[in-house]
Amino acid sequence: MAKLIGGLGTSHIPAIGGAIHRGDQQTPYWKPFFDAFPPIHAWLCEKKPDVIVIFYNDHGLNFFLDKMPTFAVGTATQYVNSDEGWGIPSLEPLRGEVDLSWHIINTLIDKEFDVVTCQEMLVDHACSLPLKLFYPEGNYPVTVVPVCINTVQFPLPKASRCYALGKAVGQAIQSWGSDKKVAVLASGGLSHQLDGERAGFINKQFDLQFLQSLESNPEWATQFSVHELVEKTGTQGVELLMWLAMRGALTTAGSGVKKVSGSYHIPISNTATAVLALEPNN
Ligand code: DHB
Ligand code: FE
């Protein structure tokens with residue numbers, strides 16, 4: 001059977017793509033963010049996952065407001081990243097892991113998560129940037145399964161539902177008839193609000209408590225309604241639902257987790273950034 005070897009998390013602010021393109025990683029503004037990655041690169045180099053299941057939210061590239069699935073899973077052989085208007089150079093297409101995609105979909109439907117299946121899927125900065133950050137050399141040595149969670153148009157799925165979705169995805173990974181190593185990845189957050197009266201809103205105290213809960217008490221954030229999460233973290237901060245799904249998946253891989261590395265830095269753009277790698281305790 002396949003093995004779930006760990007969980008990754010990172011913010012996905014599009015400006016990061018511009019910084020990578022310009023080679024700005026060591027400038028004072030960007031250094032605190034990029035400095036979080038080398039220990040995780042070393043961990044990835046040692047553990048060598050073959051496949052990454054990415055929990056992310058589409059921002060209007062593949063799904064627009066006229067058709068908005070709550071949960072969608074890609075089953076494509078490749079996922080093209082289109083220019084979203086940020087001027088980021090387009091990245092090479094991500095390679096799909098089709099067999100795992102269908103195994104995840106079959107498992108999810110069996111567990112009463114009636115997901116949308118996408119045999120074609122464009123992926124935006126929320127999929128491409130994390131891979132660029134975790135594999136800066138390019139030519140990603142991994143295949144992917146994109147799992148899209150709606151955090152863009154209400155109604156959004158509850159925190160407890162996203163955590164349960166993550167658990168079901170974890171069970172699917174562990175029951176996949178393959179000898180491959182799989183990691184799960186959360187893309188988004190942490191607290192941020194890009195528009196409206198509270199634009200620029202950041203809640204450091206909540207973010208730090210949330211990050212700590214992922215290590216020691218992963219169900220902590222499921223006590224909050226989506227509206228409470230928006231109130232506490234901002235309209236886009238609710239992207240932290242991806243981190244709950246990632247952590248839910250890890251519950252199926254061992255008893256508790258060990259932090260490999262992580263960081264929290266304010267701000268990039270108007271956003272509180274976090275980077276994390278967790279390993280299940282076996
Ligand atoms: C920013 C953050 C996001 O999560 C996003 O999807 C787009 C922009 C930002 O902070 O600029
Ligand atoms: Fe976003």
Side-chain angles (χ1 to χ4, degrees), residues 8-22 24-25 27 29-34 36 54-65 68-72 79 81-91 94 121-134 146-154 156-157 159 162 185-204 206-207 210-211 221 226 229-246 263-276:
L8 303 166
T10 180
S11 308
H12 62 218
I13 302 154
I16 295 166
I20 294 171
H21 183 54
R22 293 188 303 274
D24 277 354
Q25 291 92 330
T27 60
Y29 183 83
W30 289 102
K31 189 172 164 36
F33 175 72
F34 281 97
I54 308 178
F55 295 103
Y56 78 107
N57 60 298
D58 182 87
H59 298 74
L61 181 71
N62 191 73
F63 303 114
F64 201 60
L65 304 182
M68 186 57 69
T70 303
F71 300 127
Y79 301 94
N81 165 252
S82 282
D83 178 8
E84 303 157 52
W86 292 86
I88 307 165
S90 288
L91 301 167
L94 314 184
M121 205 175 192
L122 291 173
V123 292
D124 68 11
H125 60 276
C127 264
S128 55
L129 280 178
L131 286 175
K132 193 80 192 152
L133 286 163
F134 289 116
V147 179
C148 185
I149 299 178
N150 169 32
T151 58
V152 172
Q153 175 165 260
F154 276 80
L156 311 185
C162 295
L185 189 159
S187 169
L190 288 187
S191 60
H192 63 302
Q193 170 138 352
L194 299 176
D195 45 26
E197 278 175 20
R198 293 203 309 161
F201 176 79
I202 284 178
N203 188 343
K204 180 175 176 181
F206 183 89
D207 285 344
F210 176 66
L211 286 172
V226 162
L229 287 174
V230 168
E231 193 175 40
K232 287 176 191 304
T233 69
T235 40
Q236 282 78 32
V238 76
E239 288 176 349
L240 64 75
L241 292 175
M242 315 305 154
W243 295 64
L244 270 179
M246 176 274 280
S263 81
Y264 180 78
H265 171 66
I266 298 173
I268 299 291
S269 173
N270 269 340
T271 299
T273 67
V275 181
L276 186 62

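Indexing begins at 1, ligand by ligand and atom by atom, following the structure's order. Side-chain atoms are counted along with the backbone in the values below, which use heavy atoms only and exclude waters and symmetry mates.
Between the N81 side chain and the V123 main chain, a donor and an acceptor come within less than 3.5 Å of each other. Side-chain atoms of E239 do not come within 3.5 Å of backbone N or O of G188 as any donor-acceptor pair. No donor-acceptor distance shorter than 3.5 angstrom exists from the side chain of T151 to the backbone of N57, with no hydrogens or angles considered.
At least one heavy atom of H192 sits closer than 4.0 Å to an atom of ligand 1.
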### Query
Going through the checks in order, is the side chain to side chain contact (heavy atoms under 4.5 Å, CB included) test met by L211 and W243?
CA-CA 9 Å; L211 286 172; W243 295 64; 4.0 Å; yes

### Task
Could you give me the CA-CA distance, side-chain angles and deciding distance for S187 and T10, then say whether side chain to side chain contact (heavy atoms under 4.5 Å, CB included) is met?
CA-CA 5 Å; S187 169; T10 180; 5.5 Å; no

### Task
Output, in order, the C-alpha distance, side-chain angles, deciding distance and verdict of side chain to side chain contact (heavy atoms under 4.5 Å, CB included) for T233 and V230.
CA-CA 5 Å; T233 69; V230 168; 5.7 Å; no

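Between F210 and F206, the ring planes are parallel. Angles under 30° get that label, and only those over 60° would be called perpendicular.
The S269 neighbourhood of ligand 1 comprises atoms 9 (C), 10 (O), 11 (O), with distances under 4.0 Å to a heavy atom of that residue. With ligand atoms numbered from 1 in the order given, ligand 1 contributes 4 (O), 6 (O) to contacts under 4.0 Å with heavy atoms of E239. Taking every non-hydrogen atom of H125 and a distance limit under 4.0 Å, the qualifying atoms of ligand 1 come out as 5 (C), 6 (O), 7 (C).
For a distance threshold of 2.8 Å, the protein N, O or S atoms nearer than that to the Fe ion (ligand 2), listed by chain and number, are H12 NE2, H59 NE2, E239 OE2.
The protein heavy atom nearest to atom 8 (C) of ligand 1 is P14 CD, 3.2 Å. Among protein heavy atoms, the minimum distance from atom 10 (O) of ligand 1 is reached at T271 OG1, 2.5 Å.
Under the side-chain hydrogen bond (donor to acceptor under 3.5 Å, both in side chains) rule, S191 has a single partner from N270, N203, D207, which is D207.
Every residue two or more places apart in sequence or in another chain was checked for a side chain to side chain donor-acceptor pair (under 3.5 Å) with D58, and none qualifies.
The proximity of Q236 to ligand 1, defined as any non-hydrogen pair under 4.0 Å, does not occur for either the backbone or the side chain.
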